[in-house]
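Everything on this sheet refers to the single structure shown next.
Throughout, residue positions are numbered sequentially from 1 according to the sequence presented.
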Amino acid sequence: MQIKGELRKMPVHLNHDNLVEYQLLFYHTNQKTELSVLANDFIGSQITFKFTGNIYCISCGIKTVSSFNQGFCYNCFKNSPESAECIIRPELCRAHEGIGRDVAWEQINHNQPHIVYLAATDAIKVGITRKSNIPARWIDQGASEAIILAETPNRYEAGIIEVALKSTFVDKTNWRTMLTNQIDTSIDLESKKWELEEILPSDISQYISDEDQLTPINYPVIQFPEKVSSVNLEKQPEITGKLMGIKGQYFLFENGKVMNIRRHTGYEVEFIVE
C-alpha cells in the first residue's frame, strides 16, 4: 500500500470492547479531498513515512515553510480562532460574551456545553473539552480511564473549574510515561470525584455532573517500549520501522522511536506499508 497526502490529527473511535480504533487521515489541499484508512490494520507491519518537503496550513491552505501550533502558517497562528490563547487557557474565553477572533466560530465551538473531566495515567489529570469531543479527548491524551466531573454551559466556566483544580491535579500529560504505559492502578477516579464535590465552592460545585460512569480505554499495542525517543520528519525526512502500536496520537515503533502524528499536521508525506 502507498498513499500520498497531508497528515491530519487521527480521528478515533472507542469500540464495544473499549479498544481504540484509529483512522490515519490524509488530506489533499489542492483537491480539497481526504482519504482515511484504519491504522490498527498496520500494527505489526513495516511502515514508512517519507516527507515530501511540503507543509500546508490547515486553516487557509497555503504552502508554508514552517508549521506553528500543530498545523498553522504564521498568519493563521496569530489570527485564527483555532489557535487563540483560550484554546490553552480556557479561563480567558469570552465567547459567552460574544467576543473572540471569530465570533461565529466561537459560538459554535466555545459557547457550547463543555466537560471538565478527571483522567488517569501515572497520575490524575484534570482537563476540559467540548461535550461533543468525549471520549476522543481522553484518547488523544492517552488516558487509561476517565470520568466526567462537571458539565458547564460554555468554555469559560469549564476553564474556571480547571484553574481551581490545578493546584491539586496536573493539567498536562507526561508523554514519556504515557507511552511507556506507566499506570497507577491505585487511582480511584470515582471516589476522587465525589471528594471534590464536598470541597469545591458552591459556585463551582453546582456544575458537578451526576454521571458516575468510569470509561476504561484500551489501546492497540503489541508491546510498549521501556524507553522512548521522539522522531520528527524535519530532522529525519524518512521514518521507517515495524509499527508496534498506537497510543494517544503517537505511532510506537519497534526500536522505541515514537512519532507524534498530530505534531505533523499539514505535512505532506508518502505513506508506505510493506
Side-chain angles (χ1 to χ4, degrees), residues 8-14 25 27 34 56-61 67-119 124-143 146-173 193 196 200-211 215 248-249 260-263 265-266:
R8 290 291 190 268
K9 175 179 173 290
M10 289 185 289
V12 296
H13 171 71
L14 196 61
L25 182 60
Y27 190 76
E34 64 182 32
Y56 295 88
C57 175
I58 62 172
S59 182
C60 70
S67 178
F68 299 86
N69 196 26
Q70 298 176 333
F72 297 95
C73 67
Y74 184 73
N75 182 61
C76 289
F77 167 65
K78 297 295 289 185
N79 298 291
S80 170
E82 297 167 272
S83 64
E85 189 175 12
C86 67
I87 299 293
I88 303 299
R89 299 184 60 193
E91 72 274 13
L92 300 180
C93 186
R94 292 296 178 267
H96 59 293
E97 298 176 357
I99 300 172
R101 289 184 177 183
D102 183 326
V103 174
W105 186 94
E106 295 274 0
Q107 291 302 306
I108 293 172
N109 293 278
H110 287 180
N111 195 24
Q112 297 291 331
H114 273 62
I115 295 296
V116 184
Y117 61 85
L118 300 177
I124 298 178
K125 170 183 164 45
V126 61
I128 78 165
T129 191
R130 289 194 313 274
K131 185 177 181 179
S132 60
N133 200 31
I134 295 296
R137 180 61 175 164
W138 302 338
I139 294 169
D140 290 344
Q141 294 181 328
I147 193 171
I148 293 173
L149 172 64
E151 180 176 339
T152 65
N154 53 58
R155 188 171 183 82
Y156 167 76
E157 297 289 357
I160 294 300
I161 297 176
E162 184 182 45
V163 169
L165 296 175
K166 279 184 179 180
S167 61
T168 305
F169 306 111
V170 297
D171 64 336
K172 291 182 174 59
T173 301
K193 170 182 175 173
L196 291 173
L200 287 173
S202 59
D203 59 331
I204 291 178
S205 62
Q206 65 175 313
Y207 295 118
I208 295 292
S209 171
D210 292 332
E211 175 64 62
T215 301
Q249 283 282 321
N260 186 342
I261 300 298
R262 190 173 187 180
R263 181 231 184 272
T265 300

Looking only at non-hydrogen atoms, find the nearest pair between [X] and [Y] and report the distance.
| X | Y | value |
| --- | --- | --- |
| D210 | K193 | C-NZ, 4.3 Å |
| P81 | W105 | CB-CE3, 3.5 Å |
| A158 | I128 | O-CG2, 3.7 Å |
| C86 | R155 | O-NE, 3.0 Å |

Under the side chain to side chain contact (heavy atoms under 4.5 Å, CB included) rule, what do I58 and F72 come out as? Steps first, then yes or no, please.
CA-CA 6 Å; I58 62 172; F72 297 95; 4.1 Å; yes
How long is the straight-line distance from [atom2] of [Y] back to [atom1] of [X], given to the nearest 0.5 Å?
| X | Y | atom1 | atom2 | result |
| --- | --- | --- | --- | --- |
| R94 | N154 | CZ | CG | 10.0 Å |
| E82 | R101 | CD | CZ | 10.5 Å |
| I161 | Q206 | CD1 | CD | 8.5 Å |
| I204 | L149 | CD1 | CG | 10.0 Å |
| I87 | S80 | CD1 | OG | 8.5 Å |
| Y74 | S83 | OH | OG | 10.5 Å |

Please report whether the ring centroid of F77 lies less than 6.0 Å from that of F68.
yes
With side chains defined as the heavy atoms from C-beta onward, is the minimum distance between [X] and [Y] less than 4.5 Å?
| X | Y | result |
| --- | --- | --- |
| K125 | T173 | yes |
| L196 | L118 | yes |
| L14 | T215 | yes |
| L165 | L200 | yes |
| P11 | L25 | yes |
| E106 | N111 | no |
| Y207 | V116 | no |
| C60 | C73 | yes |

Main-chain N/O of M10 paired to Q249 side chain as donor or acceptor, under 3.5 Å:
yes
Side chain to side chain contact (heavy atoms under 4.5 Å, CB included), that's the test. Do S67 and R263 meet it? Break it down for me.
CA-CA 9 Å; S67 178; R263 181 231 184 272; over 6 Å; no
Quick one: sort the H96 and Y156 rings into parallel, tilted or perpendicular, breaks at 30° and 60°.
parallel
Pairs flagged by salt bridge (Lys or Arg N to Asp or Glu O under 4.0 Å) wherever residues 127-140 is involved - sequence neighbours left out
K9-D140, K131-E151
Salt bridge (Lys or Arg N to Asp or Glu O under 4.0 Å) contacts in which one or both residues fall within residues 157-168, not counting sequence neighbours:
K166-D171
Taken in chain and number order and not counting sequence neighbours, the residues that satisfy salt bridge (charged side-chain N to carboxylate O under 4.0 Å, His left out) with E91 are R89
